[in-house]
Amino acid sequence: MSSFNILVVEDEDAIREMLVMVLDQANFASIAATDAEEAQKLLDDKIPDLILLDWMLPGISGVEWARRLKKESVYKDIPIILLTARGEEEDKIRGLEIGADDYMTKPFSPKELIARIRAVLRRSGKIQGQAQIILGDLTLDTEQHRLTIGNKQLEVSPTEFRLMHFFMTHADKVYTRTQLLDQVWGRNVYIEERTIDVHIRRLRKILEEHGREDLVQTVRGFGYRFSLAE
Ligand code: CA
């Protein structure tokens with residue numbers, strides 16, 4: 001269960017598979033590509049929360065692709081961690097200069113990788129500088145991926161968790177289905193608007209078990225609002 005999506009770009013099968021496995025064990029969702037071209041296609045489908053990018057790739061190198069991404073307004077805010085087999089200080093400086101958010105020299109431990117990912121997500125504001133978002137008696141823990149009302153834990157799917165994360169950080173404002181699609185599912189994802197209604201219905205049902213279905217309000221002819229006020 002995760003609210004974060006990581007794009008892994010690595011041409012060496014063994015390393016790529018290891019990265020995907022490590023991310024999965026740490027409750028991150030991931031998608032993987034073997035080169036920059038394939039990664040670009042994945043990016044057009046969904047904007048990830050972070051990119052783990054191998055420096056040496058066949059075709060366009062990782063560092064070159066990172067440089068291009070940082071020049072495009074749609075992609076420039078995606079945090080990038082460069083992975084490299086070279087440990088030269090000069091490379092590190094070059095990597096950070098082109099706009100990478102961090103730089104790791106292989107081999108590294110899974111623990112170190114996850115710690116760096118969390119640190120970069122936190123710095124980029126994606127973890128909001130805090131692991132817990134608290135709103136009234138609701139607590140959403142982004143590291144443990146737990147959502148609780150009082151001391152009761154709610155059983156939500158990854159999508160509903162993302163939706164709750166968005167709602168709790170954007171309370172009291174009305175959002176259209178299109179805005180929710182962009183913010184929660186990402187641009188370029190083809191999902192019908194009524195899919196949102198399905199997820200909202202499920203979320204309300206879960207909240208209803210705790211007598212709190214009123215948190216997600218329908219604003220007729222416009223969209224949805226999340227509010228603690230009735
Ligand atoms: Ca490589």
Side-chain angles (χ1 to χ4, degrees), residues 1-7 23-30 46-50 77-79 101 114-189 191-230:
M1 222 173 91
S2 173
S3 61
F4 293 109
N5 273 291
I6 316 284
L7 169 60
L23 290 171
D24 182 56
Q25 283 170 350
N27 291 322
F28 287 106
S30 67
K46 189 181 177 71
I47 302 282
D49 293 298
L50 185 142
D77 294 328
I78 310 170
D101 297 80
I114 297 303
R116 296 276 201 104
I117 290 175
R118 290 216 169 104
V120 169
L121 287 173
R122 207 171 281 129
R123 275 208 305 276
S124 66
K126 289 183 184 280
I127 299 187
Q128 313 273 320
Q130 61 193 29
Q132 290 192 334
I133 294 158
I134 299 164
L135 196 68
D137 56 352
L138 290 164
T139 304
L140 187 129
D141 192 306
T142 55
E143 285 190 353
Q144 293 178 31
H145 301 282
R146 275 159 56 103
L147 174 64
T148 53
I149 292 184
N151 53 15
K152 294 195 190 86
Q153 190 174 340
L154 277 65
E155 296 294 327
V156 291
S157 72
T159 303
E160 288 141 22
F161 188 87
R162 275 181 88 95
L163 197 53
M164 276 301 282
H165 184 275
F166 179 77
F167 277 149
M168 286 177 68
T169 50
H170 299 80
D172 298 318
K173 286 186 199 128
V174 185
Y175 290 92
T176 63
R177 288 170 178 80
T178 311
Q179 284 171 327
L180 287 174
L181 261 181
D182 282 353
Q183 302 275 346
V184 181
W185 279 263
R187 249 168 256 257
N188 307 316
V189 175
I191 291 178
E192 286 184 63
E193 292 197 345
R194 58 163 191 263
T195 307
I196 295 189
D197 298 333
V198 172
H199 283 288
I200 296 272
R201 231 179 356 255
R202 275 194 216 145
L203 187 57
R204 274 205 183 117
K205 213 168 162 219
I206 295 162
L207 292 167
E208 196 180 359
E209 290 163 20
H210 301 267
R212 303 300 293 277
E213 66 279 11
D214 54 304
L215 287 170
V216 182
Q217 304 162 1
T218 304
V219 180
R220 291 221 178 277
F222 200 76
Y224 294 103
R225 172 177 52 216
F226 184 86
S227 178
L228 288 183
E230 283 184 44

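Scope of the values below: all heavy atoms of this structure, side chains included, with no hydrogens, waters or symmetry mates. Here, residue 1 is the first one in the sequence, and each next residue gets the next number.
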**Asked** Does the R162 side chain pair with the main chain of V184, one donor and one acceptor, at a distance under 3.5 Å?
**Response** yes
Side-chain contact test, heavy atoms from C-beta onward, threshold under 4.5 Å: evaluate it for I149 versus R212 and give yes or no.
yes
*Quick one: does L138's side chain get under 4.5 Å of F226's, heavy atoms only?*
yes
Legend entry - Min side-chain heavy-atom separation T148-L154 under 4.5 Å: no
- Task: Just do the side-chain contact (heavy atoms from CB on, under 4.5 Å) check on L23 and I117 with the steps written out, would you?
- Result: CA-CA 10 Å; L23 290 171; I117 290 175; 3.5 Å; yes
Between the side chains of R177 and T195, does any donor sit under 3.5 Å from an acceptor? no
If only atom types and distance count, is the side chain of N5 paired as donor or acceptor with the main-chain N or O of S30 below 3.5 Å? no
Any donor-acceptor pair under 3.5 Å linking the side chain of S227 with the backbone of A229? yes
Rounded to the nearest 0.5 angstrom, the CG-CE distance for L228 and M168 is 8.0 Å
Heavy atoms of I196 and Y224 approach each other most closely as CG2-CE1, 4.3 Å
Strictly distance-based, threshold 3.5 Å: is any side-chain N or O of Q144 a donor or acceptor partner for the main-chain N or O of D141? no
Report task. Assess whether ring-ring contact (aromatic ring centres under 6.0 Å, His included) is satisfied between F161 and H145, documenting all intermediate values. Result -> CA-CA 8 Å; F161 188 87; H145 301 282; 5.4 Å; yes
For Q179 and V174 the tightest heavy-atom approach is OE1-O, 4.1 Å
Please assess F28 against I114 for the test side-chain contact (heavy atoms from CB on, under 4.5 Å), listing each intermediate value before the final yes or no.
CA-CA 9 Å; F28 287 106; I114 297 303; 4.1 Å; yes
Report yes if some heavy atom in the side chain of L215 is under 4.5 Å from a heavy atom in the side chain of L203; otherwise report no.
no
Handout entry: R146 side chain vs T139 backbone, donor-acceptor pair below 3.5 Å
Key = no
Heavy-atom nearest pair, D101 first then R123, reads O-NH2, 3.0 Å
Between R225 and T218 (side chain of the first, backbone of the second, donor and acceptor by atom type, cut-off under 3.5 Å), is there such a pair? no
Notebook entry, point to check: Within a strict 4.5 Å, meaning less than it, do heavy atoms of the D197 and R202 side chains meet?
Noted result: no
| Given I78 and L50, is the side-chain contact (heavy atoms from CB on, under 4.5 Å) satisfied, shown in steps? | CA-CA 6 Å; I78 310 170; L50 185 142; 5.5 Å; no
### Note, Q153 side chain near L147 side chain (heavy atom, < 4.5 Å)
no
Do T176 and F222 have side chains that get closer than 4.5 Å, going by heavy atoms? yes
Distance col, row I200:CD1 vs Q217:CD, nearest 0.5 angstrom, shows 11.5 Å
- Task: May I ask you to check whether F166 and Y175 place their ring centers less than 6.0 Å from one another?
- Result: yes
(message) Is there a side-chain contact (heavy atoms from CB on, under 4.5 Å) between L163 and V216? Walk through the geometry before answering.
(response) CA-CA 11 Å; L163 197 53; V216 182; over 6 Å; no
Review point. Counting N and O atoms only, with roles assigned by atom type, does the side chain of Q183 sit under 3.5 Å from a partner on the main chain of T178, one being a donor and the other an acceptor?
Key: no
* Side chain K46, main chain W185, donor-acceptor under 3.5 Å -> yes
Separation between CD1 (I133) and NE2 (H165), nearest 0.5 Å, reads 3.5 Å
To the nearest 0.5 Å, atom CZ of R204 lies from atom CD of E209 at 15.0 Å
